[in-house]
Amino acid sequence: MSVNNRDPLVVGGVIGDVLERFTRSIDLRVTYGQREVTNGLDIRPSQILNKPRVEIGGEDLRNFYTLVMVDPDVPSPSNPHLREYLHWLVTDIPATTGTTFGNEIVSYESPRPTSGIHRIVLVLFRQLGRQTVYEPGWRQQFNTREFAALYNLGLPVAAVYFNCQRDNGCGGRRN
Amino acid sequence: MLSSAKHQRKHRVSAPNKNKILNKVPSISSSSSPSHSQVQKRSLITMEEVWKDINLASIHHLNHHSQHPQHNHEPRFRSHNHQNQNPNSIFQDFLNRPLNLEPTIPTSLSGDATTVTALFGSSPLAPPATVLSLNSSACFEFLDNQDPLVTSNSNLHSHNHLTNVRSSDTPFEALVTSTCFGKKRGQESNEGSGNRHHKRMIKNRESAARSRARKQEYELELKVAHLKAENARLKRQQDQLKMAAANQQPKKNTLQRSSSALF
């Protein structure tokens, strides 16, 4: 599968703001309740209070994968000076399984955007082997690229993102 | 700008006097300037005298004696005509002025700074407190009639802070614009409002671009879903046709073609 300019990840700016261009090679299926997350889907915080079900593809159970969930639009898309906010980090996910079989390094924190429409990105990386990943000191100002470089994860093998805005109203005008 | 040079000189000369005056302000008691003692009716007047003295257009301070009773009761947003030649552009000039302050100015501003602090200290709801002549091009007046004591105290406390603020244009501008001196924002600083508009426009455009991207995403996803559905349908149809074809085995192995027409 080739990535072209009409790829939702490119159109949505995820390629660029968060990730480098990559080629999908592993299936990634994220489901909140009954809703499967497709790129650009609008989901409200009330629907994502609990961690989603994540199922990944691949074939060899000996391959392990890392899932990163970040919000690059914190605190607001027009002023994302806290980019990125780490919502969830799961490592050592065996191929063909899901996050429940992995190692939850950073627990799931449900997104609660206060201002604007945020993109929430889930990225899947392939690990070289089982490895120890240290949790970052804080969730904000996380850098997925740097994280991948630090742990030799290489380019992503899959990614999906959705849009999330607050449940009620716009939150008022901001300066 | 010659007059401004004059003003500056006067300013420096009067600096020590100003400090004395300010020290006496909390006590409400007296004004160090003998010329003002005549007009002293209450602490407010003393305060006003202080600020008037600071006024760089201090040529007029002798005239202010007679005008004090009036000034106490009138809003003076635009009444500094008598003090300055360009009332409407005072603030703008001040803000537009490059930060090439002379070294003596901060000293002379120690009194002025307190006045300006009064401006910042007051909420936007309160009447603008002080019009201060920090430089020849700018002119401030003390307007707060309600609680000069409090204002003056806050001035004294925060004047140090203000002199620090003075070192950079942007925070000062920000403070000024945020306090809202009763004038429309457009009048405060041409540059500032232009920048604000520009920034707002840029942010708006980015937001619009994001919205368009989201819309395009939505369309793409719809298309993907549609195509997937059609693909599934076509596959099913193909399977059905295959089944039908398999059920009807042709008697001849070879395919028969109709004769090709010339047209």
Side-chain angles (χ1 to χ4, degrees), chain A residues 1-19 24 27-30 34-44 71-81 83 113 115-122 159-166 170-175, chain B residues 95 120 123-125 165 168-181 183-186 188-189 191-233 235:
Chain A
M1 220 187 304
S2 65
V3 172
N4 54 28
N5 280 336
R6 300 186 65 206
D7 178 15
L9 291 178
V10 174
V11 171
V14 173
I15 306 284
D17 289 344
V18 184
L19 306 172
R24 285 181 194 75
D27 288 339
L28 174 65
R29 195 180 146 102
V30 179
Q34 293 301 316
R35 310 186 73 185
E36 182 184 346
V37 174
T38 52
N39 283 318
L41 194 66
D42 251 309
I43 310 181
R44 295 290 169 134
D71 178 351
D73 297 327
V74 289
S76 88
S78 59
N79 185 17
H81 57 86
R83 172 176 291 178
S115 172
I117 303 180
H118 294 217
R119 298 163 294 176
I120 313 290
V121 188
L122 292 111
V160 71
Y161 88 99
F162 62 94
N163 289 317
C164 186
Q165 60 181 304
R166 45 186 292 157
C170 65
R173 181 180 174 187
R174 57 191 182 275
N175 292 332
Chain B
L95 290 175
F120 302 137
S123 68
L125 298 176
V165 170
S168 73
D169 208 347
T170 311
F172 183 71
E173 256 192 47
L175 281 171
V176 163
T177 56
S178 66
T179 319
C180 182
F181 291 85
K183 301 178 186 172
K184 291 178 187 169
R185 290 196 173 187
E188 280 178 347
S189 163
E191 263 184 32
S193 67
N195 280 343
R196 264 199 306 277
H197 281 146
H198 196 58
K199 282 180 188 171
R200 191 84 198 101
M201 191 173 70
I202 289 176
K203 282 194 174 179
N204 214 354
R205 284 187 181 161
E206 287 170 1
S207 178
R210 281 195 298 271
S211 290
R212 283 192 295 271
R214 273 195 299 270
K215 185 176 180 182
Q216 192 180 358
E217 292 265 10
Y218 181 68
E219 301 296 327
L220 285 175
E221 285 298 313
L222 277 184
K223 198 170 179 184
V224 163
H226 175 72
L227 288 172
K228 274 185 179 172
E230 190 174 346
N231 200 17
R233 182 179 62 82
K235 275 185 176 171

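At a 4.5 Å heavy-atom cutoff, the contact between A:Asn163 and chain B is made by side-chain atoms alone. Contact annotation for B:Lys223: only side-chain heavy atoms (C-beta onward) come within less than 4.5 Å of a heavy atom of chain A. At a 4.5 Å heavy-atom cutoff, the contact between A:Ile117 and chain B is made by backbone and side-chain atoms alike.
Between A:Val11 and B:Gln216, the shortest heavy-atom distance links the atoms CG1-OE1, 3.7 Å. Smallest separation of non-hydrogen atoms from A:Pro8 and B:Glu221: CG-OE2, 3.7 Å.
Between B:Arg214 atom CZ and A:Asn39 atom CG the span is 14.5 Å, to the nearest 0.5 Å. Rounding to the nearest 0.5 Å places OG1 of A:Thr38 at 11.5 Å from CG of B:Leu220.
Inter-residue side-chain proximity for A:Pro77 and B:Glu206 is flagged as unmet; no heavy-atom pair is nearer than 4.5 Å.
With a 6.0 Å radius and a threshold of 12 heavy atoms from other residues, nucleotides or ligands, A:His81 has its NE2 atom above the threshold.
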